[in-house]
S.K.: 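Can you read through this structure? Questions will come right after.
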Amino acid sequence: MDFPLKKNLLNSLKYNFPDRMAVISDFIKEQLVSGGFKEPARIYSAVESKKYKTSCNYNLQNKIIKIGMAGELDLKHKDYLTFIKVAQRIIKDKPFQEIKFYIAGKGKDKDKIKNYIRKKGLENHIKMEGFIDDIRTFYSKLDILLHTARFEGLGSVIIQAMASGLPVVATRTGGIPEIIEDGKNGFLAEKTNERDVAKKLKILIGNPKIREKIGVNGK
């Protein structure tokens, strides 16, 4: 994970004892090195791209656009509350009232997220899909992936979505900027900032050509 490690006996044994370590991003590598631990090798997470088919229609106009997020339902790391606030901002705009939002995953904060959706009166706009065995089926129903994480070691969900040809908006945290080049193969927004996230998301929603460019570049 992308949080600083405490320098104590347990961590010294755990992270200095192995002959070699591997981490999934340069961000995590820097966390270890700056904490005084042995320098690890960086080996990025990967997906077998041929198993992910591009099924999204980039040219949707005046139709329902589907936006989703997948991951553990843990509010400390995955900021679903910002996801919900962004959805609320988007559907306030008349051109975007028919947009649908989806959340896939399971975790300890499921009820908190569900109650927050109810509190905001968004039950008809945000659907919780639960845990999905084959996440590719979730990507195949989406037009955009929105990933509002607080902390992220790298972001395998983003890599999978890109392999599926989905344009992505994600927060600028952890290893995510190592995947996304802002404006080229995705959009980066400031974490916990629903205004900035919504601004970037609206660029994709309102511009089919940009959705296609970002989706193709991500793939």
Side-chain angles (χ1 to χ4, degrees), residues 1-6 14 22-29 31-32 42-48 51-52 66-88 100-120 122-123 125-164 166-180 186-194 197 200-201 218:
M1 298 302 298
D2 66 334
F3 49 79
L5 286 168
K6 294 179 180 178
K14 184 177 179 180
V23 294
I24 59 172
S25 67
D26 285 329
F27 185 88
I28 298 178
K29 179 178 178 178
Q31 293 282 62
L32 283 167
R42 187 265 291 143
I43 304 174
Y44 283 129
S45 300
V47 299
E48 194 171 352
K51 292 184 177 180
Y52 292 80
K66 298 176 180 178
I67 299 168
M69 179 172 174
E72 185 180 1
L73 304 184
D74 179 347
L75 294 176
K76 182 180 178 182
H77 294 103
K78 314 293 184 187
D79 188 6
Y80 289 97
L81 300 191
T82 291
F83 179 92
I84 295 164
K85 291 174 186 176
V86 169
Q88 187 177 35
K100 300 296 182 183
F101 292 81
Y102 299 86
I103 294 172
K106 65 178 181 179
K108 64 183 181 66
D109 290 327
K110 174 185 174 181
D111 290 338
K112 288 181 181 179
I113 295 166
K114 188 179 289 187
N115 290 337
Y116 194 73
I117 292 170
R118 189 181 300 117
K119 177 183 174 182
K120 294 290 185 180
L122 296 171
E123 301 98 315
H125 297 276
I126 304 175
K127 182 180 179 184
M128 295 186 70
E129 301 274 275
F131 179 77
I132 297 174
D133 286 319
D134 187 349
I135 195 63
R136 292 173 296 181
T137 63
F138 181 65
Y139 300 136
S140 69
K141 72 185 288 182
L142 300 180
D143 302 299
I144 299 170
L145 182 86
L146 173 60
H147 194 70
T148 55
R150 287 176 181 268
F151 303 97
E152 194 65 82
L154 183 64
S156 57
V157 166
I158 297 171
I159 300 172
Q160 292 166 354
M162 284 179 163
S164 303
L166 285 175
V168 176
V169 175
T171 42
R172 192 189 303 274
T173 187
I176 292 176
E178 295 175 50
I179 304 173
I180 294 178
F187 284 108
L188 293 171
E190 298 309 311
K191 65 179 181 180
T192 72
N193 186 335
E194 67 264 24
V197 176
K200 296 294 179 70
L201 189 57

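Residue numbers run from 1 in the order of the sequence given. Here the structure is a predicted model, which means the values were calculated and not measured.
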S.K.: Can you tell me how far the CD1 atom of Ile144 sits from the CZ atom of Phe101, to the nearest 0.5 Å?
M.R.: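 With rounding to 0.5 Å, CD1 (Ile144) is 8.5 Å from CZ (Phe101).
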S.K.: Is Lys141 salt-bridged to Glu129, cutoff N-O under 4.0 Å?
M.R.: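 So Lys141 pairs with Glu129 through a salt bridge.
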S.K.: Quick check: closest heavy atoms across Ser164 and Tyr52, and the distance to 0.1 Å?
M.R.: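 So the minimum-distance heavy-atom pair works out to OG-CD2, 3.3 Å.
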S.K.: Between Thr173 and Arg150 (side chain of the first, backbone of the second, donor and acceptor by atom type, cut-off under 3.5 Å), is there such a pair?
M.R.: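 Flag set: sc Thr173 to bb Arg150 pair under 3.5 Å.
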S.K.: Check this for me: Lys108, atom NZ, are more than 12 non-hydrogen atoms of other residues, nucleotides or ligands nearer than 6.0 Å?
M.R.: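 Yes - once you tally the heavy atoms of other residues, nucleotides and ligands closer than 6.0 Å, there are more than 12.
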S.K.: Please report the shortest heavy-atom distance between Ala161 and Leu145, naming the atom on each side.
M.R.: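 The pair with the smallest heavy-atom distance is CB-CD2, 3.6 Å.
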S.K.: Taking the side chain as every heavy atom from C-beta outward, state whether Tyr139 and Val157 have any atom pair closer than 4.5 Å.
M.R.: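 Sidechains of Val157 and Tyr139: in contact.
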S.K.: For the residue pair Ala163 and Val47, what are the closest heavy atoms and their distance?
M.R.: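 Smallest interatomic distance, heavy atoms only, reads CB-CG2, 3.8 Å.
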S.K.: About how many Å separate CD of Glu194 and OG1 of Thr82, when rounded to the nearest 0.5 Å?
M.R.: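 If I round to the nearest 0.5 Å, the distance is 6.0 Å.
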S.K.: State, to 0.1 Å, how close Lys191 and Phe151 come at their nearest heavy-atom pair, and which atoms those are.
M.R.: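 The answer is NZ-CE2, 4.5 Å.
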S.K.: So which atom in Leu75 and which in Asp109 form the shortest heavy-atom distance, rounded to 0.1 Å?
M.R.: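 Looking at all heavy atoms of both residues, the closest pair is N-OD2, 2.8 Å.
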S.K.: Should Met69 and Lys78 be marked as a side-chain contact (heavy atoms from CB on, under 4.5 Å) after you check the CA-CA gap, both sets of side-chain angles, and the distance that decides it?
M.R.: CA-CA 10 Å; Met69 179 172 174; Lys78 314 293 184 187; 4.0 Å; yes
S.K.: Do the side chains of Met128 and Lys110 get nearer than 4.5 Å, heavy atoms only?
M.R.: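 Yes. Closest side-chain heavy atoms under 4.5 Å.
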S.K.: So does Asp134 pair up with Arg136, basic N to acidic O under 4.0 Å?
M.R.: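 Salt bridge flag = yes for Arg136 with Asp134.
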S.K.: Identify the residue among Leu188, Leu146, Thr192 that makes a side chain to side chain contact (heavy atoms under 4.5 Å, CB included) with Val197.
M.R.: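 Between Val197 and the candidates, side chain to side chain contact (heavy atoms under 4.5 Å, CB included) is satisfied uniquely by Leu146.
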S.K.: Quickly, which of Met162, Arg172, His147 forms a side chain to side chain contact (heavy atoms under 4.5 Å, CB included) with Ile180? Name it, please.
M.R.: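 Per the side chain to side chain contact (heavy atoms under 4.5 Å, CB included) rule, the option paired with Ile180 is Met162, out of Met162, Arg172, His147.
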S.K.: At what distance, to the nearest 0.5 angstrom, does CD1 of Ile103 lie from CD1 of Ile67?
M.R.: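 The CD1 atom of Ile67 is 12.0 Å from CD1 of Ile103, to the nearest 0.5 Å.
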S.K.: If you take all heavy atoms of Leu154 and Ile24, which pair is closest and at what distance?
M.R.: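 Where Leu154 meets Ile24 most closely, the heavy atoms are CD2-O, 3.5 Å.
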S.K.: Flag this pair as yes if the NZ/CZ of Lys85 is under 6.0 angstrom from the six-membered ring centre of Tyr116 and inside a 45 degree cone about the axis; otherwise no.
M.R.: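 No; the conditions do not both hold, so Lys85 does not lie above the ring face of Tyr116.
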S.K.: Is the backbone of Asp26 close enough, under 3.5 Å, to the side chain of Glu178 for a donor and an acceptor to pair up by distance?
M.R.: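 Side chain of Glu178 to backbone of Asp26: a pair is present.
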S.K.: How many angstroms lie between CD1 in Ile126 and CD1 in Ile117, if you round to the nearest 0.5 Å?
M.R.: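 Ile126 atom CD1 to Ile117 atom CD1 measures 4.5 Å (nearest 0.5 Å).
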S.K.: For the atom pair CZ (Phe131) and CZ (Phe138), what is the distance rounded to the nearest 0.5 Å?
M.R.: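 If we round to the nearest 0.5 Å, Phe131:CZ and Phe138:CZ are 12.5 Å apart.
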S.K.: Should we say atom NZ of Lys114 is surrounded by more than 12 heavy atoms from elsewhere, each under 6.0 Å from it?
M.R.: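 It does not: Lys114 NZ has 12 such atoms or fewer within range.
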S.K.: Please evaluate residues Asn115 and Arg118 with respect to the criterion side-chain contact (heavy atoms from CB on, under 4.5 Å), reporting the C-alpha separation (whole Å), side-chain torsions for both, the decisive distance (0.1 Å), and the verdict.
M.R.: CA-CA 5 Å; Asn115 290 337; Arg118 189 181 300 117; 2.7 Å; yes
S.K.: Is a side-chain donor or acceptor of Thr148 paired with a backbone partner of Asp79 at a separation under 3.5 angstrom?
M.R.: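 Such a contact is found between Thr148 side chain and Asp79 backbone.
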S.K.: Got a second to check how far Ile159's CD1 is from Ile179's CD1, nearest 0.5 Å?
M.R.: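 That separation rounds to 4.0 Å.
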